Amino acid sequence: MTREQFTQFARNEQKGLRRFLLASFRGNREEADDVAQEALLKAYMALSTFKDGTNFSTWLYHIAYNCLIDHYRKAANSVLSLDIEQAHEVLSDMNSDDSFQYQDLHCAIDGLTTSERTAVLLFYMEDRSIKEISSIMSVAVGTVKSLLSRGREHLRNQLKEYNP
Amino acid sequence: MKDQNLHDIFHDYRPAFGDDEKFMNRLIEQMDVIDRTTSHVQLDTVHSPYRLWPLWMAGIAAAIAIVVLVVKEPTTSYVEPDFQSRLPEYYITDPMHQQFSSYDEIVSEIEESGRQLQQAIARL
């Protein structure tokens, strides 16, 4: 794949990728875009490992998912070492979505585990198939179905009266 | 809540980004940095003698083959030179010696002559 082809693929995929990451980070655009950039650059550097003919989008989302996991781990470690004042600042930044109508949705999504959240967002928001999600998350198809089932149950309970 | 409801909720949620070009420009700038950083490494490896080792091996093997086959004298079976070409000219033109076609015949003739001479001396 040439640089020009990669750039075109990135242009086509960036919207969906950023959307997925934005929902994963509860509306924090800066963080979502940083991880999206990181994922695309890692994909660019690993272009030699991409096999022509395979699904570029699935491959890219797989890299992005791994970046997301790394970011969560680092964020968890960094929050634990903050004092109270710094913790307040971090929490306020995390709610930077200017559209408060989606706060309930964000809270509902936030109640899911990382795996459940990823599966739910990829399935319901990005319309990915279960097989694609299985490749992206490197888990079995049965595992994806379980994650979706648990995620669906949790969201149904949380969003009973949801009306944006 | 039905599955379709969740689909609708998440599709309604889908945030719009108005800064696609800004995002892509930032990405392309970083790609340029990567290309500048890695191009030197790529040039070195392309011209590195270590990447061309198959060609080196083939060249060395060909050089050895040339030395063995061309420069060095073959040590295969000895081919006896042509009998006639090794004899002095008078020997070839002399009618008395034209009866011989090999060194063995000459040696046999000399040995026979020697035996006859010894017998003649013994009778004296």
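Each chain gets a letter, A, B and so on, in the order its sequence line appears, and its residues count up from 1. Here the structure is a predicted model, which is why all the values come from computation and not from measurement.
Counting all heavy atoms, side chain and backbone alike, B/M24 lies closest to A/T7 at CE-O, 3.8 Å. Residues B/Y13 and A/H106 come closest through the heavy atom pair OH-NE2, 3.0 Å.
Between the side chain of B/R14 and the backbone N or O of A/R19, no donor-acceptor pair lies under 3.5 Å. Between the A/Q37 side chain and the B/F23 main chain, a donor and an acceptor come within less than 3.5 Å of each other.
Of the two parts of A/F6, only the side chain, counted from C-beta on, holds a non-hydrogen atom closer than 4.5 Å to a non-hydrogen atom of chain B. With a 4.5 Å cut-off on non-hydrogen atoms, A/M45 touches chain B through its side chain but not through its backbone.
Residues of residues 109-121 of chain A that come closer than 4.5 Å to chain B, counting heavy atoms only, are A/I109, A/V120, A/L121, ordered by residue number.
Rounding to the nearest 0.5 Å places CD1 of B/I34 at 10.5 Å from CG of A/L47.
Ring centers of B/H11 and A/Y124: at least 6.0 Å apart, outside the cut-off.
At least one side-chain heavy atom of A/D127 sits under 4.5 Å from a side-chain heavy atom of B/H7. In this structure, the side chains of A/R18 and B/D19 come closer than 4.5 Å at one or more pairs of heavy atoms. Considering only heavy atoms from C-beta on, A/M125 stays 4.5 Å or farther from B/L6 through its side chain. Residues A/R11 and B/I28 form a side-chain contact, since some pair of their non-hydrogen atoms from C-beta on lies under 4.5 Å apart. In this structure, the side chains of B/L27 and A/Y44 stay at 4.5 Å or more apart for every pair of heavy atoms.
A/L147 and A/V141 fall within a single hydrophobic cluster, where Ile, Leu, Val, Met, Phe, Trp and Tyr side chains are chained together by heavy-atom contacts under 4.5 Å.
The side-chain hydrogen bond (donor to acceptor under 3.5 Å, both in side chains) test applied to A/Y61 returns no partner, not counting sequence neighbours.
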Inset, instruction - Would you please test B/D32 and A/R3 for side-chain contact (heavy atoms from CB on, under 4.5 Å) and show each step? - result: CA-CA 10 Å; B/D32 290 340; A/R3 176 188 157 122; 2.6 Å; yes
